[in-house]
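Scroll down for the structure; my scribbles are underneath it.
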Amino acid sequence: MTTPAQPPADTGVPASAPAALAGQETSPGSPPPSAPGEAGEAGEAGEAGAGGSASLWRDRQFRRFWSAQSVSEFGDRVSELALPLIAVTLLNASPSQVGFLTAAVWLPNLASLFIGTWVDQHRDKRPLMIAADLVRTVLLLSLPVAYWLDILSLGQLYAIAILAGTAHVVFNTAYASFFVRLVKREQYLEANSKLASTRSISFIAGPAVGGLLIQWLTAPIALLVDALSFLFSAFQVSRLKVEPGAADDGEESLLTRARAGMKYLLKHPYLRASLGCATTVNFFNMIGMALLVLFASRNLGLSAGTIGVAFGVGASGGLVGALAANRLARLIGAGRLIALGSVVFPASLGIVALAGGPVWMRAATVAAAEFVGGFAVMCFDVPLNSLQASVTHDHMRSRVAGAFSSINYGVRPLGAVIGGLLGTWLGVRETLLISAAGGLLAVLWLLPSPIIRTRDLDGLEPPAM
């Protein structure tokens with residue numbers, strides 16, 4: 001269970017094509033993870049303090065949730081490396097087939113608007129989150145079984161990607177309303193920073209450990225680690241005692257409520273701009289990210305272990321960015337930091353495309369690109385997620401999360417397919433450069449919006465709609 005925070009974050013850059021299959025990555029512009037208003041039930045149950053930065057360390061409920069996220073994040077890092085390597089090394093997948101695999105992972109997000117509306121009808125979102133974790137446990141376990149039986153195929157990978165992606169959407173939309181019951185309004189930045197820091201730490205150690213496990217056990221067997229991490233996440237979430245919120249039990253049809261969520265999102269001055277920016281980043285980012293592991297393995301000739309170490313070393317940038325985001329937001333303003341992150345993050349893929357020379361230099365270039373991208377995406381995600389949480393009405397939370405994901409994540413299958421086709425037609429290195437250049441357009445959404453003028457979150461309230 002990773003929260004909606006390189007690759008958050010929710011909030012996250014998938015290190016490989018099927019990142020969502022591994023968990024809830026919080027990619028740039030994740031749906032708002034929490035809502036303003038009534039928070040504190042969980043904190044009171046968990047012996048939270050009266051507020052302030054120290055209270056989350058004393059909050060038993062948050063610590064339990066945090067532990068679930070932390071374990072699952074490390075499992076995710078194994079899958080994010082193992083899944084594309086299964087396709088590339090065991091099934092000899094072409095660039096276009098790898099692109100289709102990535103597209104399959106994100107395809108269910110096209111239905112996020114309706115899934116989020118359906119989730120809104122459930123008062124207690126926790127059982128939905130637990131069920132989503134358990135479904136992904138079973139799906140991931142099927143891969144090593146198929147490998148042992150010698151029946152592993154690309155068709156199975158595609159099917160599992162779609163089913164696990166659907167479970168991912170259910171979890172994310174339920175989490176959007178659940179988190180407000182867990183964290184108080186004044187703790188949004190601190191909570192997002194802590195969750196993003198854990199994710200970043202997993203990107204430092206996880207890929208290196210995952211690469212070694214893959215070389216030692218083979219990629220399908222290494223997936224057992226992530227399957228067990230989802231099981232642990234389900235167990236920890238089941239132990240949380242969080243007061244359920246109100247269900248959306250109006251008389252309107254599912255289609256009517258879904259339409260209302262989309263209308264709210266597209267008319268909201270903050271959310272509309274953040275959606276446009278994040279969607280542009282994710283579309284162009286997925287063009288390159290769909291081919292990143294393939295490029296590192298085939299074009300650069302790096303082994304699974306070397307790729308894992310390069311990703312792990314580079315991911316320290318995400319940890320530094322997560323720790324620095326809060327302070328940088330206060331120093332230069334939250335809006336300016338979001339804009340800066342939206343420029344630097346997509347440009348980092350261009351660094352990978354320049355890799356060459358001896359093996360150590362190729363690996364170092366990949367690590368440098370990951371460091372820059374990880375730092376930048378945290379500077380983008382942490383303040384943006386907190387800003388979105390502050391300006392979204394509570395009763396619209398899951399519907400908005402679903403509508404946001406339908407567009408923001410829905411473009412990813414298109415980006416992945418285009419990336420695969422461009423990689424086959426123009427070459428993988430050239431496609432990475434196109435991905436980096438196109439992502440720079442994302443900042444244009446922020447320039448005329450109120451986001452760029454936002455210095456801090458104090459006093460921000462949902463606008464009258």
Side-chain angles (χ1 to χ4, degrees), residues 6-8 11-17 19-20 25 27-30 95-96 98-103 105-107 109-110 272-296 299 314 338-355 365-366 368-381 384 404-449 451-452:
Q6 203 142 337
T11 67
V13 179
S16 68
E25 63 70 62
S27 53
S30 301
S96 59
V98 174
F100 290 140
L101 177 60
T102 305
V105 170
W106 297 105
L107 190 62
N109 286 280
L110 293 173
R272 182 178 63 245
S274 66
L275 173 65
C277 179
T279 299
T280 304
V281 167
N282 282 321
F283 171 73
F284 284 102
N285 178 66
M286 194 54 61
I287 289 176
M289 292 303 295
L291 304 177
L292 181 57
V293 172
L294 182 147
F295 179 75
N299 294 63
I338 292 167
L340 185 62
S342 73
V343 171
V344 178
F345 166 56
S348 64
L349 272 176
I351 300 175
V352 179
L354 301 177
T365 303
V366 173
E370 287 290 298
F371 184 95
V372 172
F375 184 90
V377 79
M378 290 303 171
C379 291
F380 181 79
D381 272 338
L384 184 61
F404 202 103
S405 295
S406 291
I407 299 175
N408 182 36
Y409 292 164
V411 300
R412 292 185 174 196
L414 179 61
V417 169
I418 290 176
L421 295 175
L422 287 176
T424 302
W425 179 40
L426 297 176
V428 178
R429 191 184 301 270
E430 291 78 6
T431 301
L432 292 178
L433 290 172
I434 292 173
S435 172
L440 300 178
L441 299 173
V443 73
L444 298 179
W445 289 92
L446 301 179
L447 298 182
S449 78
I451 293 177
I452 198 74

Working for side-chain contact (heavy atoms from CB on, under 4.5 Å), residues Ser274 and Phe404: CA-CA 10 Å; Ser274 66; Phe404 202 103; 3.8 Å; yes

Would you say the side chain of Leu340 lies within less than 4.5 Å of the side chain of Cys379, judging by non-hydrogen atoms? no

Ser449 to Ala273 - nearest heavy-atom pair and separation: CB-CB, 3.4 Å

Spacing of CG belonging to Leu384 relative to OG belonging to Ser342, to within rounding of 0.5 Å: 9.5 Å

Could I get the full list of side chain to side chain contact (heavy atoms under 4.5 Å, CB included) partners for Ile351, not counting sequence neighbours? Thr365, Ala369, Val372

Phe345 side chain near Asn285 side chain, heavy-atom distance below 4.5 Å: yes

Can you confirm whether Ile418 sits close enough to Phe283 that some side-chain heavy atom of one is under 4.5 Å from a side-chain heavy atom of the other? yes

Evaluate the side-chain proximity of Ile434 to Leu426: yes if any heavy-atom separation is below 4.5 Å, no if none is. yes

Calculate, to the nearest 0.5 Å, the distance between atoms CZ and CG belonging to Phe284 and Leu440 respectively. 9.5 Å

Do Leu294 and Asn299 have side chains that approach each other closer than 4.5 Å (heavy atoms only, starting at C-beta)? yes

Is a side-chain donor or acceptor of Thr279 paired with a backbone partner of Gly276 at a separation under 3.5 angstrom? no

Flag the pair Val98 / Leu101 as yes when at least one side-chain heavy-atom distance between them is below 4.5 Å, and no otherwise. no

Minimum heavy-atom separation for Ala416 to Ala103, with atom names? CB-N, 3.6 Å

Smallest heavy-atom separation, Pro95 atom then Thr424 atom, equals CB-OG1, 3.6 Å

Of the non-hydrogen atoms in Pro346 and Gly341, which two are nearest, and what is the gap between them? CD-O, 4.1 Å

I need the Leu354 CG to Leu432 CG distance, nearest 0.5 Å. 10.0 Å

Which pair of heavy atoms, one from Arg412 and one from Met286, lies closest together, and at what distance? O-CG, 3.4 Å

Inter-residue atom distance Asn408.CG - Leu275.CG, 0.5 Å rounding: 6.5 Å

Okay, side chain of Arg429, backbone of Ala355: is any donor-acceptor separation there less than 3.5 Å? yes

Gap between atom CG of Leu349 and atom CD of Glu370 - 0.5 Å precision: 8.0 Å

Measuring from Leu291:CG to Met289:CE, what's the distance to the nearest 0.5 Å? 10.0 Å

